[in-house]
**Q** 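Sharing a structure below in structure tokens format, with a few things to ask.
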Protein chains: 2
Amino acid sequence: METRELRYFVAVAEELHFGRAAERLGIAQPPLSRAISRLERRLGATLLRRTSRSVGLTEAGAVLLREARAALDAVEAAERRTRRAAQAGDGTAGVVLATKAGAAGELLAKLLDAYAAEPDAVPVDVLLCGIGEQERLLRDGRADVALLHRPFDSVSGFDVEELRTEGQVLVLPGGHPLSGRASVRAAEVSELSGLPLPRWRGRDGTYPAGPGPEVRDHAQLLQLIGLGRAAAVLPESARPHLPGELVVVPVPDAPMVTTVIAWPPHSRSRGVAGLVRTATRL
Amino acid sequence: METRELRYFVAVAEELHFGRAAERLGIAQPPLSRAISRLERRLGATLLRRTSRSVGLTEAGAVLLREARAALDAVEAAERRTRRAAQAGDGTAGVVLATKAGAAGELLAKLLDAYAAEPDAVPVDVLLCGIGEQERLLRDGRADVALLHRPFDSVSGFDVEELRTEGQVLVLPGGHPLSGRASVRAAEVSELSGLPLPRWRGRDGTYPAGPGPEVRDHAQLLQLIGLGRAAAVLPESARPHLPGELVVVPVPDAPMVTTVIAWPPHSRSRGVAGLVRTATRL
DNA sequence: CGGATCGATACCCGGGAGGTATCGCCGGCC
DNA sequence: GGCCGGCGATACCTCCCGGGTATCGATCCG
């Protein structure tokens with residue numbers, strides 16, 4: 001199977017419409033039809049169920065869609081990482097580290113400082129990204145290593161080292177009834193009088209249904225809390241970055257948050273290895 | 001990048017010789033040269049350093065070799081899993097479970113029994129394989145799920161659920177001086193009088209250097225122990241399968257062995273999901 | 001210095017990727 | 001019910017590129 005065929009198939013499987021898929025691919029519809037037929041013939045499998053009014057995935061097609069996405073990510077990653085390795089001169093190929101904007105601030109600073117002091121350090125590019133974006137970057141090669149937060153981020157398919165585990169705290173606008181409490185139970189948080197929890201943007205760009213304001217990053221969230229329009233449960237380490245007018249109450253029975261450093265399993269380049277070693281010794 | 005180009009590059013990078021690589025690929029040498037040049041031009045990277053007498057990898061070439069292998073595995077897996085999903089009729093696509101021959105016997109039996117009793121069970125093909133082979137099978141799509149033993153098998157890049165943790169025991173021929181002992185320390189094992197530990201075959205087909213017989217599977221090993229030519233440290237669960245003339249002594253300070261069920265992160269098909277669910281409930 | 005080895009280059013051929021035109025099927029609509 | 005419009009498949013053409021053979025040029029070796 002050639003990657004072109006996989007790209008074609010993914011386009012059709014996502015659009016469920018040959019015409020639109022062809023347009024998206026920048027080719028005409030007939031070559032696309034032919035390519036898919038040939039793919040089906042070579043695989044000995046029916047991938048799409050077509051009536052002349054609609055297109056649907058078969059069981060085998062659904063399998064190929066999942067697998068093809070993973071394979072295309074891997075190919076794309078190969079291309080990107082090679083390009084990067086080439087353009088930085090031999091030996092000094094930099095490393096791209098992805099991290100959530102507005103989280104893990106002082107840990108990141110300590111890591112970068114400590115690593116820069118290592119004898120064999122290579123340049124590190126830091127990529128600040130939105131919620132849930134790191135997984136994607138790591139998979140398609142735009143990043144080489146990432147700081148993730150379990151259980152929020154999926155680490156599935158990556159090698160990880162745990163760096164730190166911490167509890168969570170409830171962040172409230174000043175003057176809220178709960179703001180004087182020494183601690184709050186998780187159950188109480190879900191029924192906060194008048195203060196809805198925010199809805200984070202999912203990795204597909206949509207928001208889950210329900211009440212609460214739609215939120216894309218920490219800055220937005222903190223502003224909303226300051227305005228008395230929301231409350232949120234965040235890892236303890238967010239505390240130093242909070243503006244003074246917000247109040248913090250520990251939530252002892254909220255799930256623990258573990259910060260991990262993650263990298264694709266096969267890519268133990270010198271830069272990644274050094275960064276991971278430094279991080280675990282922090 | 002097309003998979004053909006990746007295959008070509010991997011062949012040359014492994015052989016470090018255009019002629020042999022071309023032969024291995026079943027094409028002539030000139031098209032191969034051209035294909036590699038074009039790949040380099042498109043990537044804007046020098047992948048190979050050629051003198052007319054020898055070929056060597058550049059930094060970027062080494063990166064591409066690692067990444068290309070992973071990408072080709074993913075493409076191959078996509079192809080194989082799709083073929084399998086297609087040939088079993090819709091909905092009842094079977095699952096291939098890889099496990100080490102001669103290990104995890106009764107756990108496997110219990111798992112298969114329990115899963116077969118589930119209402120939505122699909123057929124399970126069991127693939128008995130050699131040491132370290134499961135990782136490969138899982139990566140290139142010949143298997144969908146595997147039973148692995150940490151820390152012996154690498155689980156890097158897979159999703160896992162832990163099933164059982166157990167200690168290890170020393171297996172000796174009857175009549176050996178240590179055979180009467182209630183337990184042995186790990187340090188003592190490495191200096192067993194006259195009984196070398198076996199050398200397992202690595203995943204590349206070679207054996208590590210050192211004394212001790214070369215061993216490929218458990219049957220061979222047990223026979224050698226019976227002949228008084230070797231001793232071995234094995235997980236406790238191997239005990240019921242041992243022939244009567246062998247003696248077993250616990251090694252309390254040997255590393256614990258964890259049996260895990262592992263699967264590729266993106267492939268949570270119905271069959272795999274069910275199998276994993278059953279396994280964790282065992 | 002001549003031969004052997006090996007990658008690059010030159011040149012040719014055929015298949016396949018891509019395009020346009022058109023067909024056949026089907027659902028909806030007046 | 002018949003006509004139209006949307007959509008995927010088919011037919012047919014073109015041209016690029018993957019693959020082949022012949023040969024060159026460099027380098028190492030005897």
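Proteins come first, then strands; the chains are lettered A, B, ... in the order of their sequence lines, and each starts at number 1. Remember, predicted model here, so these are calculated numbers, not experimental data.
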**Q** With a 3.5 Å cut-off and heavy atoms only, can you find an N or O donor on one side and an acceptor on the other between the side chain of B:Arg4 and the base of D:dG18?
**A** no
**Q** With side chains defined as the heavy atoms from C-beta onward, is the minimum distance between A:Val160 and A:Leu148 less than 4.5 Å?
**A** no
**Q** Please tell me which of the listed nucleotides, C:dT20, C:dT9, C:dG16, lies nearest to the side chain of A:Arg38?
**A** C:dG16
**Q** Nearest whole angstrom, please: distance from the P of D:dC16 to the CZ of B:Arg42.
**A** 16 Å
**Q** Calculate the interatomic distance between A:Arg20 atom CZ and D:dC7 atom C1'; express it in whole Å.
**A** 11 Å
**Q** So, is B:Arg50 close to the C:dC6 phosphate, meaning a side-chain N or O under 4.0 Å from OP1 or OP2?
**A** no
**Q** To the nearest Å, how far apart are B:His17 NE2 and C:dA8 P?
**A** 12 Å
**Q** How far apart are the C-alpha atoms of B:Arg83 and A:Glu67, what are their side-chain angles, what is the distance that settles it, and do they pass the salt bridge (charged side-chain N to carboxylate O under 4.0 Å, His left out) test?
**A** CA-CA 12 Å; B:Arg83 281 221 168 82; A:Glu67 298 282 334; over 6 Å; no
**Q** Does B:Ser33 make a side-chain N or O approach to OP1 or OP2 of C:dG7 shorter than 4.0 Å?
**A** no
**Q** Give the rounded distance in Å between these two atoms: CG of B:Leu25 and C1' of D:dG20.
**A** 15 Å
**Q** Decide yes or no for B:Trp200 and B:Leu221: does some side-chain heavy atom of the first lie under 4.5 Å from some side-chain heavy atom of the second?
**A** yes
**Q** How close or far is atom P of C:dG16 from atom CD of A:Glu2, stated in whole angstroms?
**A** 12 Å
**Q** DNA chain C: A:Pro31 or A:Thr51, which has the more 5' nearest nucleotide?
**A** A:Pro31
**Q** Expressed in angstrom and rounded to an integer, what is the separation of A:Leu32 atom CG from C:dG19 atom C1'?
**A** 14 Å
**Q** Which whole-number value in Å describes the distance from B:Gln29 CD to D:dC24 P?
**A** 15 Å
**Q** For the residue pair B:Leu39 and B:Leu64, establish whether any side-chain heavy-atom pair is separated by less than 4.5 Å.
**A** yes
**Q** Name the closest nucleotide to the B:Pro30 side chain, picking from D:dG20, D:dA22, D:dA11.
**A** D:dA22
**Q** Has the side chain of A:Arg34 got a donor or acceptor that lies under 3.5 Å from a partner of the other kind on the base of C:dG18?
**A** yes
**Q** For the helix from C:dC1-D:dG30 to C:dC30-D:dG1, what is the angle between the axes at its two ends, each from 5 pairs, rounded to 10°?
**A** 10°
**Q** Given side chains that start at C-beta, do those of B:Glu79 and B:Asp140 come closer than 4.5 Å, heavy atoms only?
**A** no
**Q** Is it the case that atom CD in A:Glu23 sees more than 12 heavy atoms from other parts of the structure closer than 6.0 Å?
**A** no
**Q** Take atom CD of B:Glu5 and atom P of D:dG19, then tell me their distance rounded to the nearest Å.
**A** 10 Å
**Q** Measuring only between side-chain heavy atoms, which start at C-beta, is A:Leu111 closer than 4.5 Å to A:Val124?
**A** no
